[in-house]
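Note that the coordinates shown come from a computational prediction; the quantities given were computed from them, not determined experimentally. Letters A, B, ... are given to chains in the order of the sequence lines, protein chains preceding strands, and every chain is numbered from 1. Computed from heavy atoms alone, side chains included, the values below leave out hydrogens, waters and symmetry copies.
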There are 2 protein chains.
Amino acid sequence: MGKTVRLGIAGLGTVGCGLVELLTANAERMTLGSGCKFAISGVSARDKSKDRGIALGADVIWHSDPVALATAPETDVFVELIGGSEGAAREAVTAALKAGKPVVTANKALLADHGVELAGFAEEAGVALAFEAAVAGGIPVIKAMRESLIGNSITRVYGILNGTCNYILTRMQEEGLAFEDVLKDAQALGYAEADPTFDVGGFDTAHKLSLLTSLAFGSEGATFEQIHVEGIERITPADIEAADDLGYRIKLLGVSMKTDSGIEQRVHPAMVAKGSAIAQVSGVTNGVAIDGDFVGDILLVGPGAGGGATASAVAADIAEVARGAVFAPFVTPAAKLAPYKRAQLRKHQGAYYLRLSVYDKPGAMAAIATRMGEQNVSLESIVQRRSKAGLPGSDGLPEPGELASVILITHKTNEQAIRDALAAIEADGKIADKPQVIRIEEL
Amino acid sequence: MGKTVRLGIAGLGTVGCGLVELLTANAERMTLGSGCKFAISGVSARDKSKDRGIALGADVIWHSDPVALATAPETDVFVELIGGSEGAAREAVTAALKAGKPVVTANKALLADHGVELAGFAEEAGVALAFEAAVAGGIPVIKAMRESLIGNSITRVYGILNGTCNYILTRMQEEGLAFEDVLKDAQALGYAEADPTFDVGGFDTAHKLSLLTSLAFGSEGATFEQIHVEGIERITPADIEAADDLGYRIKLLGVSMKTDSGIEQRVHPAMVAKGSAIAQVSGVTNGVAIDGDFVGDILLVGPGAGGGATASAVAADIAEVARGAVFAPFVTPAAKLAPYKRAQLRKHQGAYYLRLSVYDKPGAMAAIATRMGEQNVSLESIVQRRSKAGLPGSDGLPEPGELASVILITHKTNEQAIRDALAAIEADGKIADKPQVIRIEEL
């Protein structure tokens, strides 16, 4: 229990400060788990004079350049908490690995964009590149996939990977509010950025999903263009309410699965059965499900962000690196990762929720049902809701409204059939707006 | 990637056979994750001639004595899947560790009863004693606590650790059935033993909880006598229904938490909020929650038993041992585990569900409310249900019944106050039967 491992920490934001606190508060446990003591030998951050409310020893060396910190002789392990896929973070991590120093990082963008290259550097140098904190914050999903489920062929990994989206959908669900209203609130509370596109558009989820995919299926990372990405912007209170009536919750899922035609990676709002555990993952909490051929289905739930939770994941990696663990960052060595082969989403098999604004005229429903039937899409349920104009008139009978909201739940079919049926219905002139299409995820 | 690790597998039941299949089916992944190849060098099982549907190589050595297998020169890692806390399992594991061979076991009873002693043997020999499969089957909870959450002080660990109980409670909930009826069904389906006491009485949960407690709090194991253990036998459809009305589900929980007076370990049916993720852990599935000071709350859900899931956990341990990992089995070295100090349950802080059979006479409710008030127990809700005899009579008014079912939900109080209040109510002669008391777990 003698060896002291000296840490160079780049970035003293919420996570960096959380880590400094953790290393003091739980020093004994960190030592029990690793056989090592830990010292912070150096840090780098933009503003040295800023009061961060943490106590750094007088002997801690401040670097203005993270690359200098990464390669400093007194840095045994480089901890990158700067963020961003280019610039300082990429340069410093590269420099550390090339200097033969293990790296612990929480940087999902860096890993998603340059993970294969960096993994190659780590493997060449024979050191670890650990990134538990890069996906789903405090949830130990990377270690679960890299170690705990190593006896399994993974068939699917999916989850709620973005706290901002889940917070917005949860409040829409619980309070019946519109997307725009909750988004404003989330921005005011600091749960959403001023420009929320990266979160609510599904791109942050896609970044994390891409890392899980490489781990699960031994493939190189995918770009946003290679992943089907839909955000939550088009989800309405009507969808949330209909989902509830039909026994579902709407969650933004990232889903990755192996299919005959390649890897199906998709990020989109999905219906999940209300009585499932993942449906109860609410607010900013994340949940990741992994299906393996021997283990069956595992679900890991916990905080996906925040200084303490992320610091907890970083600390676990630090302890592991200190124990001397060396591993291929994506399980499969970087040079052997298969080129990413994208599955055709139109071959996706599943059930669908469809919400159509139908011109309320005789024969409209028959025409829609016919078009579905032509594509062999069978319907599990049809709900036509009264539009406002369709409330009972003075004679007590419903008045024909201009538009009726029709909600269809299909049996299992494929994406191409749904697209073709909807295209035909649109061409028939039976519906007023773009149909709402939400995939139902089979759990 | 050259080294071949030779496994000696004792016990070829469901888990052993699952492991043999896994090692073939996912050999490549096991090698990627460990850098090693695996071979089965020897096995032991009672009946060599039995057809188990697995293919063992001709060079696999059969041992009739597990101890001989454990210490055989060609056994690099001993895998104990015999079960039971005494006899062959204990002798073979002890012999392997004393011979300096790492051990992987799925044996919760052995670990619960002799874990500290065996951990001491492992530490003396400088080899691993790994037991991921001993708690919650395929859920990677041991590794989560030993590694992923090592930067945290654990404040509480709790969970649904017994699939039989959860199956019974789930069916009682979903179908409104009585305990006895579901138990019979579960026995017919093989989910419950002919003598179900160990499962439904909470003792299996207590075994697993004791292991989690040692990991979380660095204390020696506890005996059944040192853990408050209640089973699910007294749960009635009336309780399940009332829980549902009040927004709860009833689950058999094992809960371990650090308190000022020691470690509070309790196994009992508990009310958990219906909208929580753990409430949705249904059927034979297990769920384990861990609260840490930095990470916050983590919940891990998955299959708690079964050949494939348990083999998955065993395989993860085998890969870890093959990588050369050595660790104190309970994080804290065996010699430094603190003697177990039991907290006084009467000091337990929490809210309570109480169901009383009250003699339906004027003044009864007032007397009950008074006794609660005397103990400073404040009531969150009171529901008095019509007993059968209290259905409307021919005059349309309710007839006074002989007994009324009164359900009380208290605000947060302590166990002693509840006990004193109920003792006084019983002494007053206001209630007919032993009151039903179910603790509400704060999530």
Side-chain angles (χ1 to χ4, degrees), chain A residues 18-19 21-23 25-26 29-30 32-35 132 137-140 143-144 146-153 218 275-282 285 287 292-303 306 308-309 311-316 318-320 323 325 327-328 331-333, chain B residues 18-19 21-23 25-26 29-30 32-35 132 137-140 143-144 146-153 218 275-282 285 287 292-303 306 308-309 311-316 318-320 323 325 327-328 331-333:
Chain A
L19 179 62
E21 283 174 42
L22 182 157
L23 290 168
N26 293 323
R29 202 125 180 105
M30 286 290 287
L32 283 174
S34 65
E132 182 64 83
I139 304 176
K143 188 179 273 284
R146 205 179 60 215
E147 301 184 10
S148 299
L149 303 178
I150 198 66
N152 292 267
S153 290
S276 65
I278 200 165
Q280 309 304 324
V281 174
S282 58
T285 304
D293 59 348
F294 277 79
V295 75
D297 301 350
I298 293 279
L299 172 68
L300 313 175
V301 179
S312 165
V314 170
I318 290 173
E320 177 153 30
R323 276 195 305 274
F327 43 82
V331 179
T332 307
Chain B
L19 179 63
E21 284 175 42
L22 182 156
L23 290 168
N26 294 322
R29 202 124 180 103
M30 287 289 288
L32 282 175
S34 65
E132 183 64 82
I139 304 176
K143 187 179 273 282
R146 206 180 58 213
E147 300 183 10
S148 299
L149 302 179
I150 197 66
N152 292 268
S153 289
S276 65
I278 200 165
Q280 310 304 324
V281 174
S282 58
T285 305
D293 59 348
F294 277 79
V295 75
D297 300 352
I298 294 278
L299 173 68
L300 313 174
V301 179
S312 166
V314 170
I318 290 173
E320 177 153 29
R323 276 195 305 274
F327 43 82
V331 180
T332 307

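A pairwise comparison of heavy atoms in A:Gly18 and B:Phe294 identifies O-CE2, 3.5 Å as the closest pair. Closest approach of A:Ala315 and B:Gly151 over heavy atoms only: CB-CA, 4.2 Å. Shown here for B:Pro303 and A:Val295, the closest heavy-atom pair between the two residues is CG-O, 2.9 Å. In plain terms, the two heavy atoms of B:Ser148 and A:Pro140 that are nearest each other are OG-CB, 3.2 Å. Smallest separation of non-hydrogen atoms from A:Leu149 and B:Ser312: CD2-OG, 4.2 Å.
Two residues are said to be in side-chain contact when any heavy atoms from C-beta on lie closer than 4.5 Å; A:Pro333 and B:Leu32 meet this criterion. By the 4.5 Å heavy-atom criterion applied to side chains, B:Glu320 and A:Ile150 are not counted as neighbours.
For chain A, the option among B:Gly296, B:Gly275, B:Ala313, B:Gly306 with the highest count of heavy-atom pairs below 4.5 Å is B:Gly275. Heavy-atom pairs under 4.5 Å with chain B peak, among A:Ile298, A:Leu300, A:Leu22, at A:Leu22. For the options A:Ala144, A:Gly287, A:Gly292, A:Gly138, heavy-atom pairs under 4.5 Å to chain B are most numerous at A:Gly138. No other option in B:Gly302, B:Ala316, B:Ala311, B:Ala309 has as many heavy-atom pairs under 4.5 Å with chain A as B:Ala309.
Evaluation of the side-chain contact (heavy atoms from CB on, under 4.5 Å) rule for B:Asp293 yields A:Asn26, B:Asn152, B:Ser153 as partners, not counting sequence neighbours. The salt bridge (charged side-chain N to carboxylate O under 4.0 Å, His left out) test applied to A:Arg323 returns B:Glu147, not counting sequence neighbours.
With a 4.5 angstrom heavy-atom cutoff, B:Ser276 touches chain A only via backbone atoms. Interface remark: B:Ala277 contributes backbone and side-chain atoms alike to the contact with chain A (heavy atom separation under 4.5 Å).
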